[in-house]
Amino acid sequence: MKILKRPAPINVEIPLDPKKTIMSKTDPKGIIEYANDYFMEISGYEEHELIGQPHNVIRHPDMPKVVFKWLWERLGEKKNMHAVVKNLAKDGRFYWVITDFEVKLDDTGEASSYFARRKAPPKKTIDLVSELYRKILSIEEARGVEVAEKYLIGFLEEKGMTYDEYIESICFTEEKKPLDMKDLQYHKRKGLFVRMFK
Ligand SMILES: Cc1cc2nc3c(=O)[nH]c(=O)nc-3n(C[C@H](O)[C@H](O)[C@H](O)COP(=O)(O)O)c2cc1C
């Protein structure tokens, strides 16, 4: 099968409807098996172009490699993950999403597929994450992925959070205040992300 060529990026954002979810499902190798209508609408691809392609068809060059390294390590451990991702549409425009990655296991306990449900992140979340990713990417380009990974580990250690916890902490509450660790525990019990992705 022909692998789609990624377009040259242009610095124009695609606005997302905060009420809608962009969904896709892949096989264990990350080959797209299903994508919903909103995925098609936003990415600009049609089903026959997208289904059967590797998911990196929408990979944006502004995304640091280490984020996907951690994603695949986590999925390999059969654990779910939340990540903020900048994606590339067919026409070169971009869109930011907060993604809930979920592992589906078969009867033998092996991963049979992965699901990704994406929502529009708050503007402030995008500002903070794009600044962090810009730094990580510049370290990756200058020093390589391993050094960039150490930087990200240090950044999170300073906050005493995992990557997922950091992402949750910069998703804003109704009062538009960032969550601190105490709020985070509260929202975890209440299922902040469950509510967001329900
Ligand atoms: C269910 C699922 C959904 C994914 N969604 C995206 C996505 O929206 N954007 C993206 O760039 N990569 C996504 N990926 C990760 C890609 O498979 C890939 O690792 C990433 O684009 C980096 O590409 P590379 O490994 O060729 O550098 C997803 C993976 C899985 C398993």
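We count ligands from 1, going down the list as the structure has it; atoms in each ligand are counted the same way. Below, all heavy atoms of this structure are taken into account, side chains as well, without hydrogens, waters or symmetry copies.
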Check: So is N56 polar-close to ligand 1, meaning N/O to N/O under 3.5 Å?
Finding: yes

**Q.** 4.5 Å side-chain heavy-atom contact, R118 and L16
**A.** no

Among R59, M63, K86, E33, the residue with a heavy atom nearest to atom 27 (O) of ligand 1 is R59

Here the atoms of ligand 1 under 4.0 Å from any heavy atom belonging to A116 are 1 (C), 3 (C)

message: I'd like to know if L88 and I126 are part of one continuous hydrophobic network [Ile/Leu/Val/Met/Phe/Trp/Tyr, side-chain heavy atoms within less than 4.5 Å].
response: no

To the nearest 0.5 Å, atom NZ of K90 lies from atom OG of S43 at 9.0 Å

If we number the atoms of ligand 1 from 1 as shown, the ones under 4.0 Å from a heavy atom of T26 are 1 (C), 2 (C), 31 (C)

| query | Would you say K65 contacts ligand 1, with heavy atoms under 4.0 Å as the rule? | reply | no

re atom 13 (C) of ligand 1, the protein heavy-atom contact at minimum distance is H55 ND1, 3.9 Å

### Task
Using distance alone, with no hydrogens and no angle criterion, decide if W70 and E149 have a side-chain donor and acceptor under 3.5 Å apart.
yes

| said: Taking the basic N atoms (NZ, or NE/NH1/NH2) and the acidic carboxylate oxygens, is any pair closer than 4.0 Å for R93 and D91? | reply: yes

Atom 19 (O) of ligand 1 has as its nearest protein heavy atom W72 NE1, 2.8 Å

